[in-house]
Amino acid sequence: MLLVESINVAYGDLQVLWDVSLSVREGELVALIGANGAGKTTTLRAITGLLRPRSGRILFDGKDLTGLSPHRIVEMGIAHVPEGRQLFPLMTVEEHLLLGSFLPRARARRTQNLERVLSIFPVLRERFHQVAETLSGGEQQMLAIARALMSDPKVLLLDEPSLGLAPLIVKEVFGIIEQIHKEGVTILLVEQNVQQALTIADRAFVMENGRVVLEGSGSELLAHPEVKKAYLGM
Amino acid sequence: MTTFLQVFMTGILTGGVYALVGIGLSLIFGVMRIVNFAHGEFVALGMYTSLLLFQSMGIDPYLALPLIIVGGILLGALVERVFIAPIIAAPEHVSILMTVGVGLVISNLLLFGFGAHPQSIFTWYSTKTVRVGGVTFSGPLSVSFLITLAVILGLYWVLTRTEIGRAMRATAQNRDAAELQGINTAVARMLAFGIGVALAAVSGTLLLPVLYVIPTIGGVFTLKAFVVTVLGGMGNVLGAIGGGLILGVTESLGAAYISSGYRDAFGLIAFLAVLLLRPAGLFGKSRV
């Protein structure tokens, strides 16, 4: 469904991704794990067009996305929950959810999707008219995910949804990700929380210094000696 | 006391129109992160367009407003697409030079087309006044103020209640995130510039019945718009209303009680005072 074919990405003269390839099949939950600075966020940003690869291709449902503007890529059914949530600080929860369904295709199903999203995140119903910068970290993360779901995506890219959240909230967020996945949304999850990510993932890719170094099913990688040593501290 | 009220209210009425000029500049800065140094020239362009319509076809400036709004949006969008969009990612000084250049072209075209002599229009209502409890209001200035209020309310409605308005505010608050919602931020910028230019042109039309115009009047308004915007906080659209009223009242009081020759200087003194004491503006940071 989503195919990244040996992309190279550089910031100016500094190359940060080297021949990165990965694939996400329909209905899968794929995790992309690795240390800080391994290139996980850069990979997601390249997929949604926020960065342009120097070479390589990105295919979605067989169509070439490489070089398109982000708004065109989002239109094709990829939603991206960026690192650090990237909310609109002065807008209310309601406005975020309306913006999430800005595209005509999503606007047509706005009412149903709003009900669906508010049933997944009941706390957003309570905060409906509150401005984003007044929400707690966990609520902001939920709003970022809810905003992305409002676009009725075929694939959801999640960048570090557990970053900066209290352990109890992290558990809640992972529960929600699993629930969304069970409802049929294909997910590509970037996480530093390797243990939890691998537990819920169908497959996973491990990145190191801008390259994909390992790939396998979630349970395989959980048992892999190098993964255990480098990321699980065992 | 009556004199004070009189002077104060005149300041408020003029300040309302200044606010409209400033709101346009603020909207453009908020969404595009550039300062439009041609802003005053678009005010002048609004004035001369209305002047031309009045002189050649007898169209009253107030009745010409719908045309000015539509024309302003289209012209602004075109200018953005042709001159600003290609340099939007360039360093700041490039956009300064570009907008200053656009302004120079406009003012010189006006000079070429209309000549350097001051011009004004005379309508049946030009000298009409309204008296309320001892205070006399200029008829045209009062009408202009009421129209200004209506335009500001209309803009507020567009920005908060429509899809495209929300898209512009989203672009102002977080451009990448706006793109990720499927918003074409290049179009949002084009539209923001178009609306900003239209607001400037409308202000020009509203001031035509009470001012003499010369082709170089734009520079004065760029400066005023900048003062209004800084007083209210850069990019803070609602703050610009406060900034406009403060500028209008300061000028009016200074001109009446100290010296009318230094009318423009009083606004600049207020501007310097705010910069020294509250550099982020009276009403805080960017809020679109």
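The chains referred to below are lettered A, B, ... by the order of the sequence lines, with proteins before strands, and numbering in each begins at 1.
Using a 4.5 Å heavy-atom cutoff, the side chains of N174(B) and L87(A) are not in contact. P70(A) has its side chain out of reach of D176(B): every pair of non-hydrogen atoms, C-beta onward, lies at least 4.5 Å apart.
Of the atoms belonging to A186(B), not a single heavy atom falls under 4.5 Å from chain A. Interface residue L99(A): backbone and side-chain heavy atoms are both found under 4.5 Å from chain B. Heavy-atom distances place no part of E75(A) under 4.5 Å from chain B, backbone and side chain included.
Atom CD of E92(B) sits in a sparse spot, with 12 or fewer heavy atoms from other residues, nucleotides or ligands closer than 6.0 Å. Around the CD atom of Q15(A), the shell of radius 6.0 Å holds more than 12 heavy atoms that belong to other residues, nucleotides or ligands.
In terms of non-hydrogen atom pairs under 4.5 Å with chain B, the most contact-rich of R147(A), R85(A), R72(A), H96(A) is R147(A).
Of all heavy-atom pairs spanning R166(B) and M91(A), the tightest one is O-CE, 3.7 Å. Summarising the geometry of A167(B) relative to F102(A), their closest heavy-atom pair is CB-CE1, 3.7 Å, with the distance given to 0.1 Å. The heavy-atom pair separating E179(B) from H71(A) by the smallest distance is OE1-N, 2.8 Å.
Between the side chain of Q181(B) and the backbone N or O of S101(A) there is no donor-acceptor pair closer than 3.5 Å. Of the possible polar contacts, none joining the Q86(A) side chain to the A177(B) backbone as a donor-acceptor pair under 3.5 Å is found.
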Checklist entry - L90(A) and Q173(B): side-chain contact (heavy atoms from CB on, under 4.5 Å), yes or no, with the steps? => result CA-CA 8 Å; L90(A) 306 169; Q173(B) 291 179 29; 3.6 Å; yes
Next on the checklist: One pair to check against salt bridge (charged side-chain N to carboxylate O under 4.0 Å, His left out): R110(A) and E163(B). What are the steps and the verdict?
Outcome noted: CA-CA 13 Å; R110(A) 187 174 264 173; E163(B) 298 286 338; 2.7 Å; yes
Item to check | L50(A) vs L180(B), side-chain contact (heavy atoms from CB on, under 4.5 Å): CA-CA, chis, key distance, verdict | outcome: CA-CA 9 Å; L50(A) 293 168; L180(B) 289 179; 3.9 Å; yes
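Expressed to the nearest 0.5 Å, how far CD1 of I183(B) lies from OG of S69(A) amounts to 13.5 Å.
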